[in-house]
Amino acid sequence: MTTLTRREALSLGAAAFITGILAGRTPVEAAEAGTLTIAFNVNLPSFDPTTGPSAVNPTIQAIYRSIFDQFIGQGPDLKFQPGLLTAWGWNDDKTKVWMDVREGVTWHDGSKFTPDDVVWSLERAAKQETGNPIQFIWSTANNYKVEGNRITGDVVRFEPTYFKWMAFLTGYILPKDYYTKVGAEGFEKKPVGTGPYMVDAYEGNSYLRLKANPNYFGGKPAFETVIFKFVPDTTSRVAEIESGSSDVTLEIPYEDFDRLKKKSGLAGVATPISDIGMIFISNVDPMLDKNVRLAANMAIDKEAIIKRLLRGYGKPLSTLEAPEYEAYDASVKIPYDPEQAKKLLAASGYSPAKPVKFGIKTTRGFKPKDYEMIQAIVGMWRKVGIEAEIEVYEIAKHYELRAAHQLGPAAFYNWGNAIGDPTTSTGFAMFGPSPHSAWKTKDVDDMMGPLWVEKDETKRIDGWKAVIKYIAEQGYVIPLLQYAQPIVYKSSLKVTPNVSGALQPTLVSKG
């Protein structure tokens, strides 16, 4: 795998490096035939799509899905489809699972993909010591047996989303023999998957270059080479697409999106995605006061934020369920009521002259206007008697702090739920034992507990709706909005928007 040394990369200079990447010793231009260059909004911390904080970053899935295949596939409309499994399900009493494995697939190193790779990947994911963030899902089945191309397993605890997760975060199959031989460190140096693209070169925090997999079972991709440039700064991503240095970019400010899509040679699309902008609340002072929590919710004018900062791109939400989710309940509303917010705070001894004080963490440039939204919210809070100090951090730091339950009183986040199940939105965000939650109290956990194993689907969804309503009444989280993802690209290309928000190279073609 060809790489640049850090010294070589730095010697190019910032501007030169952003506009060109050394391939051998020849610059690769974005407009080069057969090459797709994406100005991407996050870095790639790890090549293993099944372990560590990056495994649950929805944005990075665009890269992982380029290199690896998932147990179950998912179309850009979020519909499930065959992946490395061609069929799957439970037996009648849901005490066993079964899966049929695709034949004729090879790994990037030329070795044969087999059902043993599937079993090894599932067993590895179920072990706590491997560090899979969704280990508590994968451990709900075991005792897998292979007969021909069919795998069967025993259900340890019925998990209604078990197969849905196979198309979601950490649901990837890795090569048993290769990984066992080279170990975690060797896999990071030379990752091997079955996906449409193979890793060709990588420079941490700078770029990733992929080459088309000529033996891909889904057919050869449209581009021979794909380059992900890691450009976390929004201004730089705008410059990338405007200068022609990159062919496509995403998550830029909406005013730039509206301007650029009108320019000759460029086009743009912004459609609703499954991502939700929200503010985590932790069960620490002063958020233990219900009046403070509810006031913080009611003081936010979400319509104004969407109209003024996001130019109308987005939908206000009162829960962690978007309209596309199974447990969405339009009747649950958190009103914008600053006067009621003042009354609630006054009941707890706070006012604009004597405000309650706490910190709020946020990213800056990870999502369009994320920092500016928090600035606006802090201004709205100040008017009712809340004084919040903003702390900016990288998204990787958010995952680290959240896993350690150290987010503090409030923290902005972008929650992705591409499978639309309430367990993977409200559930994992609000269930105390979940490593992804911030609020951890017994009342919520007791309501949620039975729903994790409920086999009656109607009863399960109704139960989650009751939980969702209760959380809104208690103000345990601050839902903000459903995002529309802005994508700008050269008009010579065709881009299929992905409701999951993952800008996968396989969804880009030559116009």
Enquirer: Classify the ring geometry between Phe428 and Trp452 as parallel (under 30°), tilted (30 to 60°) or perpendicular (over 60°).
Expert: tilted
Enquirer: Under 3.5 Å, is there a donor-acceptor pair between the side chain of Asn143 and the main chain of Gly153?
Expert: no
Enquirer: Verify whether one side chain among Trp107 and Asp117 offers a donor that lies under 3.5 Å from an acceptor in the other.
Expert: yes
Enquirer: So, the side chain of Gln482 versus the backbone of Ile273: is there a donor-acceptor pair under 3.5 Å, distance only?
Expert: yes
Enquirer: Do Lys189 and Phe47 form a cation-pi contact, if we require the NZ or CZ to be under 6.0 Å from the six-membered ring centre and within 45 degrees of the ring's axis?
Expert: no
Enquirer: Short question: side chain of Asp256, backbone of Val238 - any donor-acceptor pair under 3.5 Å?
Expert: no
Enquirer: Counting heavy atoms not belonging to Glu129, are there more than 12 under 6.0 Å from its CD?
Expert: yes
Enquirer: Compare all side-chain heavy atoms of Ile38 with those of Thr249 and state whether any distance is below 4.5 angstrom.
Expert: no
Enquirer: Under the 3.5 angstrom rule, does the side chain of Asp445 hit a backbone N or O of Gly432 as a donor-acceptor pair?
Expert: yes
Enquirer: Please give me the minimum heavy-atom distance between Val332 and Ser318, naming the atom from each residue.
Expert: O-CB, 3.5 Å
Enquirer: Looking at Asp421 and Arg460, is any side-chain nitrogen of the basic one under 4.0 Å from a carboxylate oxygen of the acidic one?
Expert: yes
Enquirer: For the residue pair Val97 and Tyr162, what are the closest heavy atoms and their distance?
Expert: CG1-CE2, 4.0 Å
Enquirer: What's the spacing between Thr426 OG1 and Leu320 CG if we round to 0.5 Å?
Expert: 4.5 Å
Enquirer: How about Trp90 and Phe163: are their ring centres within less than 6.0 Å of each other?
Expert: yes
Enquirer: Examine distances only and state if a side-chain atom of Asn498 and a backbone atom of Leu503 form a donor-acceptor pair shorter than 3.5 Å.
Expert: no
Enquirer: How long is the straight-line distance from CD of Gln61 back to OG of Ser66, given to the nearest 0.5 Å?
Expert: 10.5 Å
Enquirer: Determine, using ring centers only, whether Trp120 and Tyr179 are less than 6.0 Å apart.
Expert: yes
Enquirer: Taking all atoms of both residues into account, what is the closest heavy-atom pair of Thr106 and Asn215, and its distance?
Expert: OG1-CB, 4.0 Å
Enquirer: Quick check against the 3.5 Å criterion: does Ser246 have a side-chain atom that pairs as donor or acceptor with the backbone of Val248?
Expert: no
Enquirer: What do you reckon, is CD of Glu255 surrounded by more than 12 foreign heavy atoms closer than 6.0 Å?
Expert: yes
Enquirer: For the residue pair Glu188 and Asp48, what are the closest heavy atoms and their distance?
Expert: OE2-N, 3.3 Å
Enquirer: Checking the side chain of Glu321 only, and the main-chain atoms of Tyr325 only, is there a donor and an acceptor separated by less than 3.5 Å?
Expert: no
Enquirer: Checking side-chain polar atoms at under 3.5 Å, does Ser437 have a donor or acceptor matched by the opposite partner on Lys440?
Expert: yes
Enquirer: Looking at every non-hydrogen atom in both residues, tell me the closest pair between Leu169 and Pro58 and how far apart they are.
Expert: CD2-CA, 4.2 Å
Enquirer: Applying side chain to side chain contact (heavy atoms under 4.5 Å, CB included), run through Val146 and Val119 and close with a yes or a no.
Expert: CA-CA 8 Å; Val146 177; Val119 171; 3.8 Å; yes
Enquirer: Under the salt bridge (Lys or Arg N to Asp or Glu O under 4.0 Å) rule, what do Asp275 and Lys367 come out as? Steps first, then yes or no, please.
Expert: CA-CA 10 Å; Asp275 285 13; Lys367 296 292 286 186; 3.5 Å; yes
Enquirer: What do you reckon, is NZ of Lys469 surrounded by more than 12 foreign heavy atoms closer than 6.0 Å?
Expert: no
Enquirer: Would Arg402 pass as a cation-pi partner of Tyr413, given that its NZ or CZ must be under 6.0 Å from the six-membered ring centre and within 45 degrees of the axis?
Expert: yes
Enquirer: Give a yes or no on whether the backbone of Ile468 and the side-chain of Thr319 come within a donor-acceptor separation of less than 3.5 Å.
Expert: no
Enquirer: Taking the side chain as every heavy atom from C-beta outward, state whether Met198 and Pro214 have any pair of such atoms under 4.5 Å apart.
Expert: yes
Enquirer: What pair of heavy atoms forms the shortest contact from Ser274 to Ala418, and how long is it?
Expert: OG-CA, 3.7 Å
Enquirer: Less than 6.0 angstrom from the centroid, inside 45 degrees of the normal: does Lys229 satisfy that with respect to the ring of Phe40?
Expert: no
Enquirer: Decide yes or no on side chain to side chain contact (heavy atoms under 4.5 Å, CB included) for Thr152 and Tyr144, but give the supporting numbers first.
Expert: CA-CA 5 Å; Thr152 58; Tyr144 298 104; over 6 Å; no
Enquirer: Is the shortest side-chain N to carboxylate O distance from Lys96 to Asp154 below 4.0 Å?
Expert: yes
Enquirer: Is the side chain of Tyr470 donor-acceptor paired with the backbone N or O of Met447 at a distance under 3.5 Å, no angle test?
Expert: no
